Chemist: 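If you scroll down you'll find the structure; I have some questions about it.
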Amino acid sequence: MECIQDKNLENCNCSYEPCSRKGRCCLCIQYHLRARELPACVFPDNVERTYNRSFEKFSELVKEGKI
């Protein structure tokens, strides 16, 4: 499958500037799942900037109706 990195970047809200995986979703997802996290794009911007991308934080936001 061809990576459409330029198009993916249009929806990437990752605020970690030196990230080498921006727009490369398959690598991003693999990286975060190994760390028991989800990628930035599933979090609201204000939460993403905290860098707490844990499963637990995502679950908390779902329970609160924020996602």
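What's counted below: heavy atoms across the whole structure, side chains too, no hydrogens, waters or symmetry copies. Note that the structure is predicted; figures quoted are calculated from it, not measured.
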Chemist: With sequence neighbours left out, what residues match T50 under side-chain contact (heavy atoms from CB on, under 4.5 Å)?
Modeler: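 Checked T50 against side-chain contact (heavy atoms from CB on, under 4.5 Å); matches are V47, N52.
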Chemist: Using 0.5 Å steps for rounding, measure from the NZ atom of K22 to the CG atom of L27.
Modeler: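 These two atoms lie 15.0 Å from each other.
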Chemist: Give, for atom SG of C25 and atom NZ of K7, the distance between the pair rounded to the nearest 0.5 Å.
Modeler: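 Answer rounded to 0.5 Å: 11.5 Å.
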Chemist: Looking only at heavy atoms, what is the nearest atom pair of A40 and C14, with distance?
Modeler: CB-CA, 3.7 Å
Chemist: Can you tell me how far the CG atom of N46 sits from the CD atom of E48, to the nearest 0.5 Å?
Modeler: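 That separation rounds to 9.5 Å.
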Chemist: So do S15 and Y51 actually touch side chain to side chain, heavy atoms under 4.5 Å?
Modeler: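 In short, these two side chains touch, coming nearer than 4.5 Å.
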Chemist: Roughly how far apart are I67 CD1 and F58 CZ, rounded to 0.5 Å?
Modeler: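 It comes to 4.5 Å.
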Chemist: One thing to verify: whether K66 and E60 come together as a salt bridge, which I'm taking to mean a side-chain N less than 4.0 angstrom from a carboxylate O.
Modeler: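 No salt bridge links E60 with K66.
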Chemist: Would you check if the side chain of N13 reaches a backbone N or O of R49 as a donor-acceptor pair within less than 3.5 Å?
Modeler: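 No: the side chain of N13 does not pair with the backbone of R49.
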Chemist: Do you reckon Y16 sits in the same ILVMFWY cluster as Y31, going by side-chain contacts under 4.5 Å, direct or chained?
Modeler: no
Chemist: Looking only at heavy atoms, which two atoms of G23 and C3 are closest? And how far apart?
Modeler: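 Closest heavy-atom pair between G23 and C3: O-SG, 3.8 Å.
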Chemist: Please determine which of K57, H32, R53 meets the side-chain hydrogen bond (donor to acceptor under 3.5 Å, both in side chains) test together with E37.
Modeler: H32
Chemist: What distance separates I29 CD1 from L38 CG, expressed to the nearest 0.5 Å?
Modeler: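 Reported to 0.5 Å precision, the distance equals 9.0 Å.
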